[in-house]
Amino acid sequence: MITEEVVWKEIWPVVEAAISATLAEDEATLRRCLLPRRQAAEILELFGVPVFDILFKTVLGRGRLALTRAIETENGKYVHIELVWPDPELAANNYTAADVVAVKLRHYRQQWRIVEVNPASVDLPLTEARAAGILLSSKTLS
């Protein structure tokens with residue numbers, strides 16, 4: 001079982017390092033945060049660092065970041081971190097679904113590494129089908 005101490009001392013620093021590397025456009029540092037040959041690493045290979053600005057939602061331009069949940073799955077094989085960029089316009093650090101990011105990590109070679117980054121919550125990840133539905137419904141509203 002993953003403890004709160006492991007989350008704060010081993011897992012969260014990897015997520016922070018990946019976000020910092022994204023902001024600095026530091027591909028080498030970002031690559032070290034990712035699990036080789038998995039979704040996040042493949043996305044970096046295909047599209048480069050800029051796509052992580054969208055996945056991590058650093059494009060929101062928010063100054064604050066908060067960890068909201070850590071969920072262990074598959075008997076500790078994976079840990080899902082959910083983070084938010086609180087909207088300064090909303091009272092009491094409130095946030096909307098548009099402010100949430102889910103990061104899936106796995107322990108690999110003495111360090112936690114990012115497997116996937118999803119620009120949605122752990123409970124309702126953004127899938128290809130869901131994205132297509134969102135795009136179709138937004139066209140009909142226009």
Side-chain angles (χ1 to χ4, degrees), residues 1-139 141:
M1 179 154 182
I2 300 298
T3 65
E4 184 176 350
E5 182 178 0
V6 169
V7 169
W8 286 115
K9 290 187 176 183
E10 297 178 26
I11 298 172
W12 183 244
V14 174
V15 176
E16 284 184 315
I19 292 169
S20 294
T22 299
L23 290 168
E25 298 183 14
D26 182 349
E27 184 175 334
T29 299
L30 179 57
R31 189 174 303 283
R32 286 191 297 275
C33 297
L34 308 179
L35 187 63
R37 297 175 301 282
R38 295 300 191 275
Q39 185 193 56
E42 290 171 351
I43 287 172
L44 179 62
E45 196 65 36
L46 287 169
F47 303 108
V49 176
V51 77
F52 283 86
D53 278 319
I54 296 167
L55 294 174
F56 281 125
K57 297 187 179 180
T58 56
V59 293
L60 294 175
R62 308 264 173 82
R64 291 192 351 255
L65 176 64
L67 187 152
T68 57
R69 297 194 291 171
I71 303 165
E72 185 178 34
T73 60
E74 296 186 37
N75 295 321
K77 182 177 180 179
Y78 297 105
V79 172
H80 301 261
I81 298 292
E82 190 173 87
L83 55 99
V84 297
W85 298 92
D87 187 343
E89 300 295 318
L90 297 176
N93 294 324
N94 290 333
Y95 57 91
T96 68
D99 305 324
V100 180
V101 176
V103 182
K104 180 179 180 180
L105 299 101
R106 181 175 182 182
H107 202 260
Y108 174 78
R109 295 188 179 173
Q110 311 302 316
Q111 178 187 335
W112 287 90
R113 303 278 182 101
I114 296 171
V115 177
E116 297 174 9
V117 179
N118 195 296
S121 73
V122 171
D123 300 323
L124 190 58
L126 184 62
T127 62
E128 183 179 346
R130 187 166 164 242
I134 291 167
L135 290 173
L136 285 173
S137 68
S138 68
K139 287 181 183 178
L141 295 175

List in chain and number order the residues that pass side-chain hydrogen bond (donor to acceptor under 3.5 Å, both in side chains) with Glu45, two or more places apart in sequence or in another chain; answer none if no residue qualifies.
Arg31

Any idea which heavy atoms bring Ile81 and Ala70 closest together, and the distance?
CD1-CB, 3.8 Å

Mind listing the closest non-hydrogen atom pair of Cys33 and Ala18 along with its distance?
SG-N, 3.7 Å

Atom pair CG (Asn75) and NZ (Lys77), whose distance is rounded to the nearest 0.5 Å:
10.5 Å

I'd like to check the salt bridge (charged side-chain N to carboxylate O under 4.0 Å, His left out) partners of Lys9; sequence neighbours left out, ordered by chain and number.
Glu5

Evaluate Asn118 against Val103 for side-chain contact (heavy atoms from CB on, under 4.5 Å), listing each step before the verdict.
CA-CA 6 Å; Asn118 195 296; Val103 182; over 6 Å; no

Looking only at heavy atoms, the pair that brings Trp85 and Phe56 closest together is NE1-O, 2.8 Å

What's the verdict on side-chain contact (heavy atoms from CB on, under 4.5 Å) for Leu30 and Thr22, showing C-alpha distance, side-chain angles and the deciding distance?
CA-CA 7 Å; Leu30 179 57; Thr22 299; 4.0 Å; yes

Between Ser121 and Ala102, which heavy-atom pair has the shortest distance, and what is it?
C-CB, 4.0 Å

Calculate, to the nearest 0.5 Å, the distance between atoms NZ and CD1 belonging to Lys57 and Ile54 respectively.
11.5 Å

Go through the structure and list residues passing side-chain hydrogen bond (donor to acceptor under 3.5 Å, both in side chains) with Glu4, not counting sequence neighbours.
none

Work out which heavy atom in Val7 is nearest to a heavy atom in Pro13; give both atom names and the distance.
O-CD, 4.1 Å

Contacts of Arg38 that satisfy salt bridge (charged side-chain N to carboxylate O under 4.0 Å, His left out) - sequence neighbours left out:
none

Could you measure the distance from the CG atom of Leu55 to the CD1 atom of Ile19? Nearest 0.5 Å is fine.
11.0 Å

Look up atom CD1 in Ile11 and atom CG in Leu67, then write down how far apart they are to the nearest 0.5 Å.
9.5 Å

May I ask you to test the Val101-Val117 pair for a side-chain heavy-atom distance under 4.5 Å?
yes

With sequence neighbours left out, what residues match Trp12 under side-chain hydrogen bond (donor to acceptor under 3.5 Å, both in side chains)?
Glu16

Step by step, would you call Asp123 with Arg69 a side-chain contact (heavy atoms from CB on, under 4.5 Å)?
CA-CA 11 Å; Asp123 300 323; Arg69 297 194 291 171; 2.9 Å; yes

If you take all heavy atoms of Val122 and Glu82, which pair is closest and at what distance?
N-OE2, 2.9 Å

Is it the case that more than 12 heavy atoms not belonging to Glu25 sit under 6.0 Å from its CD atom?
no

Just to verify, what does Thr73 make a side-chain hydrogen bond (donor to acceptor under 3.5 Å, both in side chains) with, not counting sequence neighbours?
His80

State the OG1-CH2 distance between Thr3 and Trp8, to the nearest 0.5 angstrom.
12.5 Å

Could you list the residues that satisfy side chain to side chain contact (heavy atoms under 4.5 Å, CB included) with Glu116, not counting sequence neighbours?
Gln39, Lys104

For Glu10, all residues meeting salt bridge (charged side-chain N to carboxylate O under 4.0 Å, His left out), sequence neighbours excluded:
none

Residues two or more places apart in sequence or in another chain: which of them pass side chain to side chain contact (heavy atoms under 4.5 Å, CB included) with Ala40?
Leu34, Phe52, Ile114

Any chance the side chains of Thr58 and Asp53 put a donor and an acceptor closer than 3.5 Å?
yes

Between CG on residue Leu83 and OG1 on residue Thr68, distance to nearest 0.5 Å:
7.0 Å

Set of residues satisfying salt bridge (charged side-chain N to carboxylate O under 4.0 Å, His left out) with respect to Arg62, sequence neighbours excluded
Asp87, Asp99

Qualifying residues under side chain to side chain contact (heavy atoms under 4.5 Å, CB included), relative to Asp26, sequence neighbours excluded
Ala21, Ala24, Ala28, Thr29

Please list, chain by chain and in numerical order, all residues satisfying side chain to side chain contact (heavy atoms under 4.5 Å, CB included) with Pro36, sequence neighbours excluded.
Tyr108, Arg113

Verdict with reasoning, Ile2 to Trp112, per side-chain contact (heavy atoms from CB on, under 4.5 Å):
CA-CA 12 Å; Ile2 300 298; Trp112 287 90; 3.8 Å; yes

